[in-house]
Amino acid sequence: MEDNQPVSRIPSFIREAIAEDLKNGRFTYVRTRLPPEPNGYLHIGHCKAFLIDYFAAKEFGGELYLRFDDTNPAKEETEFVEAIQEDAAWLGIQWAKVTFASDYFDLLYAWAVRLVKMGLAYVDDQTQEEMSAARGTLPKGTKWSETAAALKPGVDSPYRDRAVEENLDLLERMKNGEFEEGSRVLRAKIDMQNPNILLRDPVMYRIMNVSHHRTGNKWHIYPMYDWSHGQNDSMEGITHSLCSNEYIIHRPLYEWFLEKLEAFPSRQIEFSRLNLTYAMMSKRKLRKLVETGVVRGWDDPRLTTLRGLRRRGVPPSAIIDFVTGLGETKNDSWVEMAQFEAVMRDHLNKIAERRMAVLNPLKLVIDNYPDDLVEEMEAINNPEDPSAGTRTVPFSRVLYIEQDDFRESPPPKYFRLFPGNEVRLRYAYLVKCTGVVKDDAGNVVEVHCTYDPDTRGGNTPDGRKVKSTIHWVAAQHALPVEVRLYDQLFTTERPDDGDLDAIINPDSLQVLTPCYVEPALLRATPGEHFQFERTGYFCVDPDSADGRLVFNRTVGLRDTWGKIEQTGKG
RNA sequence: UGGGGCAUGGUGCAACGGCAGCACACCAGACUUUGGAUCUGUGGAUCUUGGUUCGAGUCCAGGUGCCCCAGCCA
């Protein structure tokens with residue numbers, strides 16, 4: 001039956017394409033590749049491609065290569081090579097081996113020489129401006145919509161019919177560093193009239209006198225994406241080269257090279273990239289946020305970098321379920337952050353132990369409770385998981401409760417503590433509010449109440465009900481901690497668009513201190529997840545030191561009351 | 001006045017010529033020692049115009065809208 005079928009983690013159109021290739025014999029195995037350029041940190045947007053590549057290989061019993069696309073030494077650094085591997089491994093992705101585009105520079109050069117000898121590539125001496133004009137298009141930056149007749153036929157380069165011997169000589173000398181940057185390029189000889197601009201004699205090699213993070217100063221020419229990616233795929237025996245829709249127009253070129261070279265016929269298949277509301281994906285803007293100190297670093301919990309999500313406390317399993325659960329197509333789409341948050345809650349609800357923590361403390365005094373008495377109340381660690389067991393929480397005469405849990409003048413539908421009202425203190429007693437103490441400014445600084453000794457544990461022998469149960473921490477046992485609450489970093493749903501400075505939310509970080517938590521959290525370690533009852537999911541930040549705990553809010557609990565109050569309903 | 005890709009509730013997907021379904025969000029209710037979780041229920045969609053067909057979200061033709069491309073970036 002259907003319920004015995006494992007749920008696929010990859011888009012059906014890709015799965016079907018792979019299955020078909022295997023069936024008709026185009027390939028006898030499956031091998032995919034992750035091709036990050038080591039020029040920045042991984043973010044949630046990369047995860048989609050990573051997971052599709054990973055699961056595509058896995059579901060077909062194949063393997064995955066992690067290949068760094070390091071063809072532009074001006075942008076790439078070893079630091080990112082390491083960070084990307086660390087983050088991908090944290091996500092749970094496993095690869096058969098790590099390779100680099102630069103591993104193939106020698107072989108790739110030999111392939112270029114072959115194309116030159118076949119008369120399919122030539123050295124062009126035109127300037128960049130001349131080449132751009134001859135391609136039959138307007139200068140960069142011109143909008144297509146503004147230019148009715150934008151695309152004109154291209155004009156062949158005056159160097160297009162150079163003799164093979166001359167091309168070979170010039171290419172060799174380009175490689176040896178005899179020419180200045182920008183003075184010459186190697187181009188494929190395809191078709192200057194082709195309506196697909198990428199086929200109008202694309203550049204294969206450009207001269208760059210830049211040291212490469214792996215090959216040092218060996219090379220003075222570096223391959224372009226189009227003259228590297230497909231070739232590397234082929235050299236590695238990659239069967240399915242899965243990439244985002246923006247590469248659809250590159251596919252004819254991808255296939256042209258492999259056909260002419262009679263190389264292993266890797267197949268490129270495209271899918272839509274992930275767009276997530278409120279998430280910044282632009283590397284340039286992300287870098288600016290970090291460099292200008294708007295955020296604390298690449299691992300700031302407000303960022304949707306993998307490092308940020310990790311520090312914020314999002315479990316990798318939640319990221320995987322969220323991304324693969326989107327069920328992908330080739331549609332351009334925008335996924336709501338709320339959907340991601342729902343998956344976070346779902347995962348955390350099952351694994352996070354419950355603790356009581358008061359974020360905005362207000363003193364509650366139980367007037368009829370003995371001064372010197374301390375009772376240990378039994379509390380359930382996780383109602384979703386009985387195996388998590390129980391713990392005890394100390395209870396005494398003076399407690400802290402949440403400021404939000406008391407109102408001197410309660411609004412409609414407010415069930416919590418207010419003068420004359422009785423509520424349950426979670427796992428402890430029922431208490432009835434008897435009065436308040438105010439400071440000179442009229443602020444409530446202390447709430448007074450009496451407790452019913454017959455309701456120990458929160459039970460009511462007489463069967464009476466209260467409409468609210470609130471959390472608390474005993475003052476004399478309370479552990480003071482710092483809590484960081486995060487909100488959206490941006491005020492617009494699509495932060496990659498528009499002016500960065502204009503969309504920063506100035507209140508995206510709220511640091512609360514001191515907050516009081518129950519003593520059971522004393523030995524909590526960085527990365528550990530908890531649910532603070534009635535508040536949200538939190539994890540211990542690495543900034544925590546002995547005796548000084550710092551918590552990050554991963555995501556809040558669903559807040560029905562907050563909604564009622566905000567919309568004024570009820 | 002170029003080429004390519006994509007159009008299903010607010011959002012993301014499913015339905016592979018046969019009763020338009022799921023998740024998130026929203027709304028209502030039940031239950032509750034978390035205003036959490038859980039359960040139940042309501043509302044809401046096939047871009048448009050034609051055509052083929054007993055029957056079209058699906059096939060065909062035209063139109064419209066959005067996205068990608070004119071780097072010696074990837």
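What you see below is based on every heavy atom in this structure, not just the backbone, and it leaves out hydrogens, waters and symmetry mates. Letters A, B, ... are given to chains in the order of the sequence lines, protein chains preceding strands, and every chain is numbered from 1.
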Practice item. Report the residues that fulfil side chain to side chain donor-acceptor pair (under 3.5 Å) with R464(A), sequence neighbours left out, ordered by chain and then residue number. Key: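 If we apply the side chain to side chain donor-acceptor pair (under 3.5 Å) test to R464(A), skipping adjacent residues, the hits are E422(A), D452(A), D462(A).
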
Output the rounded distance in Å from [atom1] ([X]) to [atom2] ([N]).
{"X": "Y225(A)", "N": "G71(B)", "atom1": "OH", "atom2": "C1'", "answer": "15 Å"}
{"X": "N194(A)", "N": "C69(B)", "atom1": "CG", "atom2": "C1'", "answer": "13 Å"}
{"X": "E37(A)", "N": "G71(B)", "atom1": "CD", "atom2": "C1'", "answer": "13 Å"}
{"X": "Y122(A)", "N": "C72(B)", "atom1": "OH", "atom2": "P", "answer": "12 Å"}
{"X": "F271(A)", "N": "C68(B)", "atom1": "CZ", "atom2": "P", "answer": "17 Å"}
{"X": "I197(A)", "N": "G3(B)", "atom1": "CD1", "atom2": "C1'", "answer": "7 Å"}
{"X": "E129(A)", "N": "A70(B)", "atom1": "CD", "atom2": "P", "answer": "16 Å"}
{"X": "L199(A)", "N": "G2(B)", "atom1": "CG", "atom2": "P", "answer": "19 Å"}

Students often get this wrong, so: under 4.0 angstrom with heavy atoms, is [X] touching a base, only sugar-phosphate, or nothing?
{"X": "M224(A)", "answer": "sugar-phosphate"}
{"X": "N39(A)", "answer": "nothing"}
{"X": "H250(A)", "answer": "base"}
{"X": "G458(A)", "answer": "base"}
{"X": "E130(A)", "answer": "nothing"}
{"X": "V185(A)", "answer": "base"}
{"X": "R424(A)", "answer": "base"}
{"X": "P252(A)", "answer": "nothing"}
{"X": "Y247(A)", "answer": "base"}
{"X": "E16(A)", "answer": "base"}

Practice item. Determine if the base of G12(B) is syn or anti; take syn to mean the glycosidic torsion is within 90° of 0. Key: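 You should classify G12(B) as anti.
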
Interatomic distance at [atom1], [N] relative to [M], whole Å:
{"N": "G43(B)", "M": "C6(B)", "atom1": "C1'", "value": "29 Å"}
{"N": "A61(B)", "M": "A56(B)", "atom1": "C1'", "value": "15 Å"}
{"N": "U8(B)", "M": "U58(B)", "atom1": "C1'", "value": "11 Å"}
{"N": "G12(B)", "M": "G55(B)", "atom1": "P", "value": "33 Å"}
{"N": "C39(B)", "M": "C47(B)", "atom1": "P", "value": "32 Å"}
{"N": "C26(B)", "M": "G10(B)", "atom1": "P", "value": "15 Å"}
{"N": "C19(B)", "M": "U52(B)", "atom1": "C1'", "value": "23 Å"}
{"N": "G44(B)", "M": "U11(B)", "atom1": "C1'", "value": "13 Å"}

Point to revise | salt bridge (Lys or Arg N to Asp or Glu O under 4.0 Å), paired with R391(A), selected from E378(A), E518(A), E353(A) | key: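 Passing option: E518(A).
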
Check your understanding: If you find the nucleotide of RNA chain B closest to S12(A) and the one closest to M131(A), which residue's nucleotide is nearer the 5' end?
Key ->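 Looking at the nearest nucleotide for each, S12(A) comes out on the 5' side.
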
**Study point:** Residue met sooner reading RNA chain B from 5', once T455(A) and G327(A) are mapped to nucleotides
**Key:**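 Result of the comparison: G327(A).
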
**Study point:** Sequence-distant partners of H229(A), ring-ring contact (aromatic ring centres under 6.0 Å, His included), two or more places apart
**Key:**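 Expected list: Y225(A).
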
Short side-chain N/O contact to [N] OP1/OP2 from [X], under 4.0 Å:
{"X": "R206(A)", "N": "A74(B)", "result": "yes"}
{"X": "K283(A)", "N": "A74(B)", "result": "no"}
{"X": "S333(A)", "N": "C13(B)", "result": "yes"}

Distances for protein N/O vs nucleotides 4-9 of chain B N/O pairs under 3.5 angstrom?
| residue | atom | partner | partner atom | Å |
| --- | --- | --- | --- | --- |
| C6(B) | O3' | N331(A) | OD1 | 2.8 |
| C6(B) | O2' | N331(A) | OD1 | 3.3 |
| A7(B) | OP1 | N331(A) | OD1 | 3.0 |
| A7(B) | O5' | N331(A) | OD1 | 3.2 |

Check your understanding: Under a 4.0 Å N-O cut-off, is there an ion pair linking R67(A) with D233(A)?
Key ->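 Yes, R67(A) and D233(A) are salt-bridged.
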
**Study point:** Salt bridge flag under 4.0 Å for residues E270(A) and K330(A)
**Key:**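 K330(A) and E270(A): salt-bridged.
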
Point to revise | Sidechain-backbone polar pair: R426(A) side chain, H471(A) backbone, donor-acceptor under 3.5 Å | key: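 No: the side chain of R426(A) does not pair with the backbone of H471(A).
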
Point to revise | Main-chain N/O of N209(A) paired with E181(A) side-chain donor or acceptor, under 3.5 Å | key: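 At least one qualifying donor-acceptor pair exists.
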
Check your understanding: Is K48(A) positioned over the aromatic face of F271(A), cation under 6.0 angstrom from the ring centre and no more than 45 degrees off axis?
Key ->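 So K48(A) doesn't make the cation-pi contact.
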
Practice item. Between protein and nucleotides 34-47 of chain B, map the contacts as a letter string: B base, S sugar-phosphate only, - none, heavy atoms under 4.0 Å, written 5' to 3'. Key: BBBS----------

Point to revise | Results of side-chain contact (heavy atoms from CB on, under 4.5 Å) for R494(A) - residues two or more places apart only | key: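 With sequence neighbours excluded, R494(A) shows a side-chain contact (heavy atoms from CB on, under 4.5 Å) to W334(A), D497(A), given in chain and number order.
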
Exercise for review: Give each stem of RNA chain B as a range with a range, requiring at least 3 consecutive Watson-Crick or G-U wobble pairs whose two distances are under 3.5 Å.
Suggested key: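 The stems that RNA chain B takes part in, listed by first number, are B:2-7 with B:64-69, B:10-13 with B:21-24, B:27-30 with B:38-41, B:47-51 with B:59-63.
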
Check your understanding: So F100(A) and F68(A), would you call those rings parallel, tilted or perpendicular, with 30° and 60° as cut-offs?
Key ->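 The rings of F100(A) and F68(A) lie parallel, inter-plane angle below 30°.
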
